[in-house]
Amino acid sequence: MTRSRNITITGRITLFTAVVSALLCTLLAVVLMIAIHRYATSALSSEIRAAGGRVAITVEDLGRVSGPLAQHPGRNVQVVDHQGRVVESTPALRGKPPMATFSPDGMNTREDVVCGGVFGHGQCDIVIAQSADRPEGNWTVYASSPVVPMWVEPWLASRMIGSAAVLAVAITYLGNRIVSASLRPVSAIRRELDEINATCPSRRVPTPHNRDEISDLADSINHTLTRLDTAMTQQRQFASDASHDLRSPIAAMRAEVEDALLAPEGTTVTRLCNTLLGSLKRIESIVSDLLTLTKLDASAPTALTPIDLADLVGEECRMHPQTTKRLICRLEPGVQVRADPQHVGRLLTNLLDNADRHAESTITVTLQHEDDESCPGGVAVLEVLDDGPGIDPDKRELVFRRFTRLDSARNKNTGGSGLGLPIARRIAEAAGGTLRIEDSDRGTRFVLRVPRYARDASDSTPAAG
């Protein structure tokens, strides 16, 4: 078992090809030899019958045989009268009893194989008996010849065996060449994969020109390598950004503690704790957002339930902390979607917090239903608009990258961790929707689109009254 596992695929297929080709070529040689043997036997029987028939006609016409009974070496002929006495025979059987005891059948001829007797021990001949009509009774003419051996002729058997061996070797060689050529791209792919590591993640395996299974495998490997490269890049960037954002509050906390140790009379425990609490809250916010993103990236299963988006948005608007910004909510009732209520609530909180940080005076929240050809029940459209400085169109996708801040108006001093909007987009995608920044006359306009939940007959309940 261990030895067979050490054989390469090329070796195994070549061995299989050799065994199968040897068996098939041997079978072909045997079938051909049998066919040739039968043909030779049939031809010999015809020749014996013709030789015996000439003698039988002569006996019928003249009552005797003139000239030699057999014209071919190795043929034996006997003429037996109606009383079973041998009247004439070829020299090899002269003075011997009849070579066979059977008589012609209703067709005045009969063929059989006779072994031993007058032919000698271990020798078999094909004997054909034919009837010759005479006035005193029917005479019998026996004609015989040694049976054809299975190999027919030694030279024919040797050539047949040699041809079968050559054919088997040729098939095995061609099979080996075909397998080697087919698996050569696999070896190139393996060598390239062995050289790809963390220092050169952008390299890709070679793709064969022929469009076959190996080419599909190379394409799949390259796609996987591309995803891994992207994931590694995001991971490195994520680790760099996270460490940078965590380093700032940690450094501030350390500086405060060191100052307190160097000059304990210049501060109090209460003042020091109040200073540290701000940095701790920031660290807690970043860690909480990181855990949320980790769960969303892992695509952990969540319970999607029908929720009334108008009720949920209205509740979030009422619970939103009162600030100097005015919050306006225009909600269309009865807009339902299938989503995780906690996740959607987190999405709304992030959007409102982001708008509150950057709005100058007013935040407008709008919920309505729109028809969409791709969704039979339409889509729920939620808009969060602030009247702040806005975002340039070419930078709108950047805000959805983790730990990304665009300018001084949207920096970490405003209180954001740089993870709220990426979390909001991941929640929207998990619910089967989208979250984008679209054009507006002023400020930034976030637009959430989620497929609307259409209640079917089985979910409907009778109306009251």
Side-chain angles (χ1 to χ4, degrees), residues 1-28 163-241 293-301 372-375 394 397-398 400-402 404 422 425-426 428-436 451:
M1 181 66 69
T2 304
R3 182 176 301 176
S4 63
R5 289 181 179 177
N6 293 332
I7 301 177
T8 62
I9 293 178
T10 302
R12 278 180 278 177
I13 295 179
T14 302
L15 179 61
F16 175 78
T17 304
V19 173
V20 172
S21 62
L23 293 176
L24 292 179
C25 291
T26 301
L27 179 62
L28 177 62
S163 300
V166 170
L167 181 60
V169 171
I171 294 175
T172 303
Y173 174 76
L174 290 176
N176 177 267
R177 291 295 301 272
I178 293 173
V179 174
S180 300
S182 299
L183 295 181
R184 193 174 296 117
V186 177
S187 300
I189 292 173
R190 179 184 56 79
R191 288 193 300 269
E192 188 68 21
L193 283 175
D194 291 340
E195 296 178 3
I196 295 176
N197 50 41
T199 61
C200 54
S202 60
R203 293 177 60 173
R204 298 294 179 265
V205 299
T207 302
H209 298 293
N210 297 331
R211 300 307 302 177
D212 52 14
E213 291 81 357
I214 297 178
S215 177
D216 295 338
L217 173 63
D219 290 339
S220 298
I221 293 175
N222 285 332
H223 292 160
T224 301
L225 290 175
T226 300
R227 292 194 297 269
L228 289 176
D229 186 16
T230 303
M232 291 175 61
T233 302
Q234 292 178 349
Q235 183 181 14
R236 287 192 294 267
Q237 184 65 35
F238 182 77
S240 175
D241 294 338
L293 277 175
T294 301
K295 293 179 181 179
L296 292 173
D297 289 340
S299 299
D372 193 324
E373 295 180 356
S374 60
C375 297
D394 58 337
E397 284 299 312
L398 295 179
F400 294 105
R401 295 182 182 178
R402 300 170 186 186
T404 299
R425 170 166 279 189
R426 289 291 291 113
E429 292 173 349
T434 60
L435 177 63
R436 298 187 180 93

- Is there a side chain to side chain contact (heavy atoms under 4.5 Å, CB included) between Ile171 and Val20 once you walk through the steps? CA-CA 10 Å; Ile171 294 175; Val20 172; over 6 Å; no

- Considering all heavy atoms of both residues, which atom of Ile189 and which atom of Pro206 are nearest to each other, and what is their separation? CG1-O, 3.8 Å

- Of all the heavy-atom pairs spanning Ala168 and Cys25, show the shortest one and how long it is. N-SG, 3.6 Å

- Message: Taking the side chain as everything from C-beta on, heavy atoms only, tell me whether Thr17 gets closer than 4.5 Å to Leu174.
- Response: no

- Note on the structure: d(Leu183 CG, Thr8 OG1) to nearest 0.5 Å is 8.5 Å

- Task: Specify the closest pair of heavy atoms between Ile214 and Ser182, including all atoms of both residues, with the distance to one decimal.
- Result: CD1-O, 2.8 Å

- Atom pair CD1 (Ile221) and OG1 (Thr226), whose distance is rounded to the nearest 0.5 Å: 11.5 Å

- Query: Who pairs with Ser215 by side-chain hydrogen bond (donor to acceptor under 3.5 Å, both in side chains), at least two apart in sequence or on another chain?
  - Reply: Arg211

- Note on the structure: d(Phe16 CZ, Thr172 OG1) to nearest 0.5 Å is 11.5 Å

- Note on the structure: CG (Leu225) and CG (Leu193) are apart, to the nearest 0.5 Å, by 6.0 Å

- Answer yes or no: does atom CZ of Arg177 have more than 12 heavy-atom neighbours from other residues, nucleotides or ligands under 6.0 Å? no

- Interatomic distance, CD@Glu429 vs CG@Leu435, rounded to 0.5 Å, equals 8.5 Å

- Examine the side chains of Arg190 and Ser187 and answer whether a donor and an acceptor come within less than 3.5 Å of each other. no

- Using side-chain contact (heavy atoms from CB on, under 4.5 Å) as the criterion, point out the one residue from Ile9, Thr10, Thr14 that pairs with Arg12. Ile9

- Item | Interatomic spacing from CD in Glu195 to CZ in Arg191 - rounded to 0.5 Å | 8.5 Å

- Close side-chain approach of Arg204 and Asp229, heavy atoms under 4.5 Å: yes

- Measure from the side-chain N and O atoms of Asn222 to the backbone N and O of Val205, and report whether any donor-acceptor pair falls under 3.5 Å. yes

- State, to 0.1 Å, how close Pro451 and Gly432 come at their nearest heavy-atom pair, and which atoms those are. CD-O, 3.4 Å

